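See below for the structure under consideration.
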2 protein chains.
Amino acid sequence: MARKSLSQSDFIEAGTEYLRDHTLSELTMRVLGDLLGVDATACYRHFSGKAELLTAMLDTLLGQVLEAVPEVVTAPRELLEAQCVAMRRVMHDNPQLATAMVASEGQMPNALKMARRSIAALRSGGLDGDELIRSYQMIESYVMGATQFDLMEAPHNMEIRAARYGMFEDPAFVRAARSVRSVAAITEESFLAGLRILLDQCLGQSR
Amino acid sequence: MARKSLSQSDFIEAGTEYLRDHTLSELTMRVLGDLLGVDATACYRHFSGKAELLTAMLDTLLGQVLEAVPEVVTAPRELLEAQCVAMRRVMHDNPQLATAMVASEGQMPNALKMARRSIAALRSGGLDGDELIRSYQMIESYVMGATQFDLMEAPHNMEIRAARYGMFEDPAFVRAARSVRSVAAITEESFLAGLRILLDQCLGQSR
DNA sequence: ACCTGAACACCGTTCAAGT
DNA sequence: ACCTGAACACCGTTCAAGT
């Protein structure tokens, strides 16, 4: 039998790819092994367990956000908004992983990088002390939370939301519920509107 | 052996009580059976499975929110804020259930009631059409999402957040990280500040 | 150094059998 | 009508054994 000599990134990539079309609970260690033509327990030679693999997959995702928003010299307001929008888009493209986002930031270097960038932007926007922390936390909780909430039950999330709208018995919602696409559009619009309202309030209007 | 003749609410209450001191993954059907002095499979005589039980537990939680905010005649802005704050408090008191909040609203009558109340308030605040939907969705995603995010990994969530702050290498965050209590306080302040900013923008300043 | 394969201690759930 | 208890098809993970 030929040696496989797999690396961490092989498992990360195979898992992330698999989650494009499958549920998180469908990604078992046995399936992951099959994907790489290897035994179910081979993963344990590279990660302490499933949790650590998941964390590595998540951090890789955050790396994509950092790449999507190069740290060029832009106004802090624009850098922040761009980073938040990129974060949401990456999560939107990987809903299964996004909704499993964990708080174990200790092992996620890219999460740390993103946070430091945001804080630097808020600082150069004039914030400091407790106001800085409140603003940072408000934006992080909004972007991560609202996006996770909107992606819940993906890929059927917007069908489910449309069905809910239909039960509200309100003419505006019932009309919107007829088109899943319009429900999805409204969801994105409301996220972006909310983000801008919060950023405006934290950093002052810039448009 | 005496007949137990349990009802749905017995399982809901026992499970919710158990989750006060235990993780969601620790609440297995076998444990639930032990709590009620009954076989592990007895639950299937009252619920189709664990998912349906969980949904029932969640809806019971939403019922507490409805009770906490009686539908007295108040200004729409105040009703909305009170309902959002009550929602967060109930989730805060039941973090394990709150972070498992599901999108299966079809079987959650109290979720429907809450939504209709919110929509009525927004309407009497002068909103209509797509603007009404955007405002509703913005507030729902913010309250549910940010709260779920802040409660992630409870009951150690604030210790984890404090540890993160310590790694930011920013003087303001490092100072705040010395007290878990202060991190928790800042989290609540930033949630409330964000909520008020969004409500102000949707319904106009009322204070 | 890395992978295998059997094994362990769990899950949620089904179903025939009890009362 | 409701509960029991064995059983099924899974999990993640461990560990001795291979190469």
Side-chain angles (χ1 to χ4, degrees), chain A residues 1-19 21-59 96-97 99-104 106-107 152-153, chain B residues 1-19 21-60 96-97 99-104 107 152-153:
Chain A
M1 190 67 75
R3 299 294 290 283
K4 306 292 298 205
S5 209
L6 300 171
S7 68
Q8 289 203 355
S9 57
D10 291 317
F11 289 90
I12 292 172
E13 286 167 21
T16 304
E17 165 67 22
Y18 184 77
L19 288 181
D21 302 316
H22 298 83
T23 300
L24 193 65
S25 66
E26 287 173 329
L27 179 65
T28 67
M29 299 306 254
R30 286 161 176 84
V31 164
L32 189 61
D34 286 347
L35 290 174
L36 293 165
V38 105
D39 187 80
T41 62
C43 183
Y44 290 88
R45 248 50 61 191
H46 301 88
F47 299 94
S48 70
K50 197 179 185 181
E52 194 179 288
L53 169 63
L54 204 67
T55 300
M57 291 168 72
L58 288 169
D59 200 52
Q96 296 296 328
L97 265 180
T99 52
M101 190 73 66
V102 179
S104 64
Q107 317 298 353
M152 203 173 260
E153 310 282 319
Chain B
M1 190 69 74
R3 299 295 289 283
K4 304 295 296 208
S5 209
L6 299 171
S7 68
Q8 289 202 357
S9 57
D10 291 317
F11 289 90
I12 292 172
E13 285 168 22
T16 303
E17 165 67 21
Y18 185 77
L19 287 180
D21 301 317
H22 298 85
T23 302
L24 193 64
S25 65
E26 289 173 328
L27 179 65
T28 68
M29 298 306 252
R30 286 162 175 84
V31 163
L32 189 61
D34 286 347
L35 290 173
L36 294 166
V38 106
D39 188 80
T41 63
C43 184
Y44 290 88
R45 248 52 61 193
H46 302 89
F47 299 95
S48 69
K50 196 179 184 180
E52 193 178 288
L53 168 63
L54 205 67
T55 300
M57 291 168 71
L58 288 168
D59 200 51
T60 302
Q96 297 296 328
L97 265 180
T99 52
M101 189 74 67
V102 179
S104 64
Q107 316 298 354
M152 200 172 262
E153 311 281 319

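We use all heavy atoms of the structure for the numbers below, so side chains are in, but hydrogens, waters and symmetry mates are not. Sequence lines set the chain letters: A, B, ... in the order given, protein chains first and strands last, and positions in each chain run from 1. No experiment lies behind these values; they were computed from the predicted model shown.
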**OP:** Indicate yes or no: at least one non-hydrogen side-chain atom of B/Q107 is less than 4.5 angstrom from one of B/D59.
**Re:** no

Subject >> Non-hydrogen side-chain atoms of B/T23 and B/Q96 separated by less than 4.5 Å >> reply: yes

Which atom of [X] lies closest to which atom of [Y], heavy atoms considered:
{"X": "A/A14", "Y": "A/L36", "value": "CB-CD2, 3.9 Å"}
{"X": "B/V38", "Y": "B/A42", "value": "CG1-CB, 3.3 Å"}
{"X": "B/V102", "Y": "A/E153", "value": "CG1-OE2, 3.2 Å"}
{"X": "A/G49", "Y": "A/M29", "value": "C-CE, 4.5 Å"}

Starting at atom [atom1] of [X], determine the distance to atom [atom2] of [N], rounded to an integer number of angstrom.
{"X": "A/M29", "N": "C/dT4", "atom1": "CE", "atom2": "P", "answer": "13 Å"}
{"X": "B/D34", "N": "C/dC11", "atom1": "CG", "atom2": "C1'", "answer": "15 Å"}
{"X": "B/Y44", "N": "C/dA16", "atom1": "OH", "atom2": "P", "answer": "17 Å"}
{"X": "A/L36", "N": "C/dT4", "atom1": "CG", "atom2": "C1'", "answer": "15 Å"}
{"X": "B/F47", "N": "C/dG12", "atom1": "CZ", "atom2": "P", "answer": "15 Å"}
{"X": "B/R30", "N": "C/dA9", "atom1": "CZ", "atom2": "C1'", "answer": "11 Å"}
{"X": "B/L24", "N": "C/dC11", "atom1": "CG", "atom2": "P", "answer": "13 Å"}
{"X": "A/F11", "N": "C/dC3", "atom1": "CZ", "atom2": "P", "answer": "6 Å"}

Subject >> Minimum-distance nucleotide (side-chain atoms of B/D39 versus D/dT4, D/dG12, C/dC3) >> reply: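 Of all the options, the side chain of B/D39 is nearest to D/dT4.
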
Original post:
Which residue lies toward the 5' end of DNA chain D, A/T28 or A/R45, if each is placed at its nearest nucleotide?
Top reply: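 That would be A/T28.
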
Original post:
With under 30° as parallel and over 60° as perpendicular, where do the rings of A/F47 and A/F11 fit, or are they tilted in between?
Top reply: perpendicular

Subject >> Under 3.5 Å donor-acceptor pair, A/T41 side-chain atoms to C/dG5 base atoms >> reply: yes

**OP:** Remember a base hit wins even if backbone is also touched, and classify B/S25 as base, sugar-phosphate or nothing at under 4.0 Å, heavy atoms.
**Re:**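 Result for B/S25 = nothing.
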
Original post:
Which dot-bracket string fits DNA chain C when only Watson-Crick or G-U wobble pairs with both atom distances under 3.5 Å count, crossing pairs get [ ], and | stands for a partner on a different strand?
Top reply: ||.|||||...|||||.||

